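Below: the structure, in structure tokens.
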Amino acid sequence: MNTVVVAQLQRQFQEYLVSLYQQGFLDNQFTELRKLQDEGTPDFVAEVVSLFFDDCSKLINSMSRSLGRPESVDFKQVDSGVHQLKGSSSSVGARRVKNVCISFKECCDVQNREGCLRCLQQVDYEYKMLKTKLEDLFNLEQQILQAGGTIPQININ
Amino acid sequence: MTVEQDCVALDQFPVGMRVLAVDDDQTCLRILESLLHRCQYHVTTTNQAQKALELLRENKNKFDLVISDVDMPDMDGFKLLELVGLEMDLPVIRVTHGACDYLLKPVRIEELKNIWQHVVRSRFDKNRGSNNGDKKDGSGNNEGVANSDPNNGRANRKRKDQYNEDEDEERDDNDDPSSQKKPRVVWTVELHKKFVAAVNQLGFEKAMPKKILDLMNVEKLTRENVASHLQKFRLYLKRISGNQQAIMANSDLHFLQMSNGLDGFHHRPIPVGSGQNVLQNPTDLGKFHHVSSLPLNHIDGGNILQGLPMPLEFDQLQTNNNKSIIAGNSMAFPSFPTQQSSLPNNNNHLVLEGHPQASPSAFPGHQINKRLEHWSNAVSSSSSTLPPAQNSNSIIIGHQFDVSPLPHSKPDSLEWNTQNASSSYSIPFCDSTIPLTSSMNTNPRAFYRTTDLDSNANVQPGVYYDSSQMRQSGNYGPTTDAMLSSNPKEGFIVGQQKLQSGFMGAEAGSLDDIVNSTMKQEQSQGDLSEGDLGYGGFSSLRTCL
């Protein structure tokens, strides 16, 4: 194991992760998620976020359909979708996604289709962005492990 | 389950409690499952309410508790709850990211660790002949309403630095219902003697609240009072290693002090760690007084104080001659300032009962505080590696233990090992030069810093829960046992408890306390930051992680 390389990777990892928090992509719930991961469940976080992204994709699609035709928007369905999305995003610590959901819900409450569409678009953007970021993060993790190191714990301020 | 079974079953809770988790959101379900596993519950999951019902109907005794999301498409969570409650008499906890109910999403591990209490409580309620309305589902509705305001506020809140607070609120709200407005029974020595006599007469193993109640023949004492007292008593006895008989003989006082402390202290424990209440500078005796004026008034003043110093710097104590800290051993805790001190008032010893103390140097008091905070924060942030340590009972520190720091490896679960363990990390009580007598343990809450732990403050079972959880979790490394058994004197001494984790939970194995003292030692000397006793220290903790 090349300790220098490992140390470097670990530092990179840490910085990257911290930046995700600082930029608001993640919040403490994500931290907790990480804590739930251990030797027995080494892929826990990856698994959960992957489930989350699946959910996002499905929900966004169904909401998009509901909002599709201006003359017959099923706001109830949209509302239910937003609600679920909000729940799961807060469960994984996807802060930005969750925040959009809050606005989204407001638009839904007043049956503002335009607003909903905007939010939908934003949610889509945010979850994909987060997905990319987390993929990068997991890559870093893999690199560390492959280099023989261990994944450092977070140091979040 | 009958009361008898309940009492016995208490011993088995919460590990292995069988939970059925229902949530149509697969992400949340997965997380919930993992959290529950962390709590060592036995988990079954399903994302369909119908399926859940089927599973439940299949075998009514298969599950102890149901946790269900309320916003599910195929069936309203409320309906599920209703059906489950009616048909199966199981307590159901609802999860929502909405405005009310027990658990808000994101579900945190700390909350899950408490859920078993719902089981116990609902069973006790049931056994008391209360109707379904008293059960969690029923009372939950009331609670739900009552909770809606605070919870509403929280609904959109990110769970950043609020673990403790959130949990406190939830816990307080959630756990009050069954005991609404019941006047608390104070277990006096006399009463306790009767209780013990009854228990002995019935046989400890067979003693059941109803029978004990009958034997005691005390007016206005309810079965529930007895039941909770019995539970505490059992916990207490469990904590005492070895020689139960002898201890019991002498333990009435200790136990009562402890239990009364518990009883009295329902609400937030003194947030010792928080800036306000902690002695932040050496001469801040005034703060001590301040502390004593905290809403723990109903607790024996002495208790609080006794507890307080624990995490505080010894230096400070020294300056104050420890007079306010030394806890008398007697049942009657004098008011804070006048606490009698039968102890040699040495510098760093919250000496109790004259037990020899280790040198102060072993106890970097200040740091411990900070560490405690950090640790508590970490814990509260639902580190699954840490036991809930809900009750602050025990900062039973180093009672007659070998005070010199022992090179015990820190429990990995606490992730302290990742940190440079320069200081010999020893079990807190060993290191602490603040030996606390059992009497001090009476108010464990005082030690309890982090608010999240407060969540159990109101719930008897919480105490139990913690200790058992701690014991069973087995995550906490160090060899407490050896150390613990070295000082068998005070029955109440935490040290005697064979906590695997090395946490001496006097009452409720306050992990926090132990961690605190441990943490203190860990931290480098230079890491004193006066006043940084609040949650601000969070970042430090993070470093260790």
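Proteins get letters first, then strands, A, B, ... in listed order; numbering begins at 1 in each. The shown structure was predicted, so the numbers you read here are calculated from the model rather than taken from an experiment.
Residue A:Lys58 touches chain B through its side chain alone, counting heavy-atom pairs closer than 4.5 Å.
Between the CG atom of B:Leu35 and the NZ atom of A:Lys35 there is a distance of 11.5 Å, given to the nearest 0.5 Å. Here A:Ser88 contributes atom OG and B:Arg30 contributes atom CZ; the two are 15.0 Å apart, rounded to the nearest 0.5 Å.
Of all non-hydrogen atoms in A:Phe52 and B:Thr27, the two that sit nearest each other are CA-OG1, 3.2 Å.
Annotation: A:Gln121, atom CD; neighbour count of heavy atoms from other residues, nucleotides and ligands within 6.0 Å does not exceed 12. A:Tyr16 OH: more than 12 foreign heavy atoms inside a 6.0 Å radius.
Shown are A:Leu59, A:Leu51, A:Leu85, A:Asp55; of these, the side chain to side chain contact (heavy atoms under 4.5 Å, CB included) with B:Asp25 is made only by A:Asp55.
You'll find the side chain of B:Asp24 reaches within 4.5 Å of the side chain of A:Gln84, heavy atoms only.
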